[in-house]
Asks: 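I'd like to ask you about the structure that follows.
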Amino acid sequence: LGRNCFAFFEMSEEQRVRQREYMQIGEQVTKALQEERVVFAYQPVVLSGTGEVAYYETLIRMIDEKGEIVSAGAFLPVAERLGLMRQIDRYTLEMAISDLVNDPNITLALNISSLTASDRSWLRALVSHVKGKPEIAKRLMIEITETAALDDFEDSARFVAAVRDLGCKVALDDFGSGYTSFRHLKSLTVDVVKIDGSFVINLGENPDNLLFIRTLLNLADGFGITTVAECVQSEQDANLLKAEGVDYLQGFYYGRPQLGRPGGKMPKHKMAGKPAPQSVIVGDSIAVGD
């Protein structure tokens, strides 16, 4: 409108509708946390050579009041906008620790948000659970995304060092989606890098992606870092990745995320007396590989 003036902000009707939807989702998430209806779906990560399960990635799901499974993509972006991620990450940490205590044979990978990587209270909670308990710490891997790690590199490096000092492993998720350099990878000192699924899907039909994966593998191998390929969906892609020397594979070809702790029972939650369906997805938005 030009200089030296001001205007009162007014929401459009579309913005008002979106805000109401966000608030409703936020209320649903908060209530689900209170009623323990936020649960894990577990997806296996296997050794590339044998196909044997090495550990499970914990993927968050919400059970709505009708007993249907709500995908992470349908509520986590809104929860992040509303400032609920620290609360969710603290809740999922408690769930993961409980699983590790109850099953001494299971190893889990836990995803955390970029905000939590700089949250000292979350780190203190982790310390309280695993300090002096190497049998728990060695079976827990914390996953942070590459883009989040590079956003505040110094804080991320300190966080990674603190987690590893406790005996836990750290994985750099979505490797290849950011701009990690040799210097970055050396300073972060992560244990595992997970090749972004966008480079893996239909790998046999995309020779350019195979070339890029080789570059990522060379970068990881130079620092002795273990590699995982996400979103493996076919035998052809699995064989190509094995031939290139990827250490671990994860994707629908080896197993879809399933509710209920592997080898255990379905987690307790209020679902109007009905068993949780395994295949219902509510909402259109979902992260690749989730």
Side-chain angles (χ1 to χ4, degrees), residues 1-41 59-95 110-126 142-160 172-174 176-180 184 196-198 269-270 272 280-290:
L1 297 179
R3 294 182 176 182
N4 300 323
C5 65
F6 66 88
F8 290 103
F9 171 74
E10 289 188 21
M11 279 189 179
S12 66
E13 185 57 33
E14 181 182 353
Q15 289 172 320
R16 293 181 190 278
V17 170
R18 187 182 301 116
Q19 185 184 47
R20 285 195 294 269
E21 290 175 349
Y22 285 176
M23 296 308 296
Q24 289 173 355
I25 293 174
E27 290 174 1
Q28 292 169 7
V29 171
T30 300
K31 188 174 181 181
L33 288 170
Q34 293 170 347
E35 297 180 355
E36 299 182 353
R37 287 188 285 105
V38 175
V39 298
F40 282 147
L59 301 169
I60 193 170
R61 298 288 186 265
M62 182 172 69
I63 310 297
D64 69 15
E65 292 180 328
K66 296 179 181 178
E68 295 183 331
I69 303 171
V70 184
S71 71
F75 67 91
L76 280 188
V78 176
E80 190 165 10
R81 283 175 174 265
L82 296 178
L84 295 173
M85 285 312 302
R86 284 191 172 96
Q87 183 180 353
I88 291 173
D89 283 348
R90 184 66 176 270
Y91 179 94
T92 57
L93 173 62
E94 301 292 335
M95 285 202 299
L110 177 67
N111 296 280
I112 62 169
S113 67
S114 57
L115 289 173
T116 296
S118 59
D119 183 359
R120 294 184 179 181
S121 66
W122 187 92
L123 191 56
R124 286 195 296 270
L126 178 63
I142 305 299
E143 293 191 9
I144 58 173
T145 64
E146 180 184 28
T147 50
L150 297 180
D151 279 345
D152 195 335
F153 182 75
E154 291 185 359
D155 272 356
S156 297
R158 284 193 291 269
F159 174 81
V160 169
L172 193 62
D173 201 6
D174 301 335
S177 61
Y179 300 95
T180 301
H184 287 142
D196 187 67
S198 61
H269 44 66
K270 298 179 181 179
V280 179
I281 299 296
V282 179
D284 299 324
S285 176
I286 186 166
V288 172
D290 189 359

Asks: Determine, for Arg86 against Asp89, whether the closest basic-nitrogen to carboxylate-oxygen distance falls under 4.0 angstrom.
Replies: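 No, no charged N to carboxylate O under 4.0 Å.
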Asks: Measuring only between side-chain heavy atoms, which start at C-beta, is Thr116 closer than 4.5 Å to Arg90?
Replies: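 Side chain of Thr116 against side chain of Arg90, heavy atoms only: no contact under 4.5 Å found.
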Asks: Tell me, with the steps shown, if Leu59 and Asn111 meet side-chain contact (heavy atoms from CB on, under 4.5 Å).
Replies: CA-CA 8 Å; Leu59 301 169; Asn111 296 280; 4.2 Å; yes
Asks: Please enumerate all residues that pass salt bridge (Lys or Arg N to Asp or Glu O under 4.0 Å) together with Arg20, with sequence neighbours excluded.
Replies: Glu13
Asks: Quick one: do Phe159 and Ile112 satisfy side-chain contact (heavy atoms from CB on, under 4.5 Å)? Show the steps, please.
Replies: CA-CA 12 Å; Phe159 174 81; Ile112 62 169; 3.4 Å; yes
Asks: Working to the nearest 0.5 angstrom, can you tell me the gap between Ile25 CD1 and Met23 CE?
Replies: 11.0 Å
Asks: Would you say that Ile144 contacts Asp173 through its side chain, given a criterion of any heavy-atom pair below 4.5 Å between the two side chains?
Replies: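 No, side chains not in contact.
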Asks: If you take all heavy atoms of Pro77 and Ala72, which pair is closest and at what distance?
Replies: CD-O, 3.7 Å
Asks: Gln87 vs Leu33, test: side-chain contact (heavy atoms from CB on, under 4.5 Å). Steps then yes/no.
Replies: CA-CA 9 Å; Gln87 183 180 353; Leu33 288 170; 3.6 Å; yes
Asks: List for me each residue that meets side-chain contact (heavy atoms from CB on, under 4.5 Å) alongside Met95, sequence neighbours excluded, and say none if there are none.
Replies: Phe40, Tyr91, Thr92
Asks: Can you list the steps and then say if Ile88 with Leu76 is a side-chain contact (heavy atoms from CB on, under 4.5 Å)?
Replies: CA-CA 9 Å; Ile88 291 173; Leu76 280 188; 4.0 Å; yes
Asks: Nearest heavy-atom pair of Arg61 and Ala41: which atoms, and what distance?
Replies: CG-CB, 3.9 Å
Asks: State, with a plain yes or no, whether a side-chain heavy atom of Gln28 is found less than 4.5 Å away from one of Glu65.
Replies: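 No. Closest side-chain heavy atoms not under 4.5 Å.
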Asks: Indicate yes or no: does Lys31 engage Glu27 in a salt bridge with an N to O separation below 4.0 Å.
Replies: no
Asks: Kindly indicate whether the side chain of Ser114, heavy atoms from C-beta on, has any atom under 4.5 Å from the side chain of Met85.
Replies: no
Asks: For atom CZ of Phe9, decide whether the heavy atoms of other residues, nucleotides or ligands shown that lie under 6.0 angstrom number more than 12.
Replies: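 Correct, the count exceeds 12.
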Asks: Backbone N or O of Ser12 within a donor-acceptor pair of the Gln15 side chain at under 3.5 Å?
Replies: yes
Asks: In the structure I gave you, are the side-chain heavy atoms of Met62 and Val29 within less than 4.5 Å of one another anywhere?
Replies: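 They are in side-chain contact.
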Asks: Can you name the nearest heavy-atom pair linking Leu93 to Ala125, along with the distance?
Replies: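 The answer is CD2-CB, 4.0 Å.
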Asks: Thinking salt bridges, do Glu35 and Arg37 make one under a 4.0 Å N-O criterion?
Replies: yes
Asks: Ignoring hydrogens, what is the shortest heavy-atom contact between Ser118 and Asp155? Give both atom names and the distance.
Replies: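 Residues Ser118 and Asp155, closest heavy atoms: CB-OD2, 4.3 Å.
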